[in-house]
Amino acid sequence: MLSASMALPDLSDDFALSPASVDAFRERGHVVVRGLASAAEIAAHRPALLEAGAQSRYDHRPLEERDTYGRAFVQMFNLWRRNDVARAFVHSRRFAKVAAELLGVPAVRLYHDQALFKEPGGGPTPWHQDQFYWPLETDQTITLWMPLVPVTPEMGPMAFAAGSQRLGHLGDFPIGDESEAAFERIVAERGLRRAGETSLAPGDASFHSGWVRHRAPANRTDRLREAMTVIYYPDGTRVAPLDHPNRRFDRDAWLRGCEPGDLAAGPHNPVLYDERA
Ligand SMILES: O=C(O)CCC(=O)C(=O)O
């Protein structure tokens, strides 16, 4: 097991988030914050994140045998529980403070983390809305998506329907061929602006709202697109009704021990930033 005592760069300091970034996030439902972590900080954490990811991988089928969702990326959850270095990265106060400032809330909790590695030749990530899955009684959810390697438009960076978070929930579409077709139609019919697909350096952060429609193109290179995500919600949020199987799965996986109506504050949902503390 890797240990945090190995002179790991500290990710708890304040980051100077520009008011323009906050405005952009609230308007469009997504924003890129350049240099939230430095190249050196990513280099220091990456080996332990890769190790935790390898331990957490549950689908070992070759790319060709997977469905559309499975071909989009190799998905690995809750790396923070695998080793101290991954925990230090996912629990970063610096990252969490930026998430809280973008949401405009005093404190945020961890929902969960995911490593999303789009393989060489990996398919597109279909259009979807994250919050369809999440039994959280709030619209104020946010995901940090941070590459561990340089990501070019050919490798499948995040893409968005800008401002579409304001339309809220537009139908129960689990991620897959149906969500891709349905949201592609909605984006076209409503003339929503397509944004994103920009190159990112290791440590740049793309943040997006839980209701913004987003996708990612295929990885047309021979390089693995390594990205870490961390999902946050405001402290004080309650668990929403478990009104479909995806939400029951998510409650069992990420909000263990919490029932609808309870505070979403299970043992795996620590407060990662609190301006009142
Ligand atoms: O990494 C991807 O391709 C998609 C990520 C995503 O949809 C998310 O983080 O919500």
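Computation of the quantities below employed the complete heavy-atom set of this structure, encompassing side-chain atoms and omitting hydrogens, waters and symmetry-equivalent molecules. Counting convention: from 1, in listed order, for ligands and their atoms alike.
- Residue contacts with ligand 1, taken as heavy atom pairs separated by less than 4.0 Å, do not involve Arg215 at all.
- When heavy-atom distances to ligand 1 are checked against a 4.0 Å cut-off, Arg225 comes that close only through its side chain, counted from C-beta outward.
- Close approach to Phe73 involves these atoms of ligand 1, each under 4.0 Å from a residue heavy atom: 2 (C), 3 (O), 4 (C).
- Counting non-hydrogen atoms of neighbouring residues, nucleotides and ligands closer than 6.0 angstrom, the CZ atom of Arg28 reaches no more than 12 such neighbours.
- Checked for salt-bridge contact, Asp113 and Arg87 miss the test: no charged N lies under 4.0 Å from a carboxylate O.
- Across Trp80, Phe95, Phe89, a single residue satisfies ring-ring contact (aromatic ring centres under 6.0 Å, His included) together with His45, and that is Phe89.
- For CD of Glu197, the number of neighbouring non-hydrogen atoms (other residues, nucleotides, ligands) closer than 6.0 Å is greater than 12.
- Ligand 1 has His128 within reach: a non-hydrogen atom of the residue lies less than 4.0 Å from it.
- For ligand 1, the atoms closer than 4.0 angstrom to any heavy atom of Leu116 are 1 (O), 5 (C), 9 (O).
- Against a heavy-atom cut-off of under 4.0 Å, Ala216 is close to the following atoms of ligand 1: 3 (O).
- Among the atoms of Trp145, some N or O lies under 3.5 angstrom from an N or O of ligand 1.
- Under a 4.0 Å criterion applied to the non-hydrogen atoms of Asp130, ligand 1 contributes the atoms 10 (O).
- Taking a cutoff of 4.0 Å between a charged side-chain nitrogen and a carboxylate oxygen, Arg93 and Asp14 qualify as a salt bridge.
- A salt bridge links Glu184 and Arg194; the closest N-O separation between the charged side-chain nitrogens and carboxylate oxygens is under 4.0 Å.
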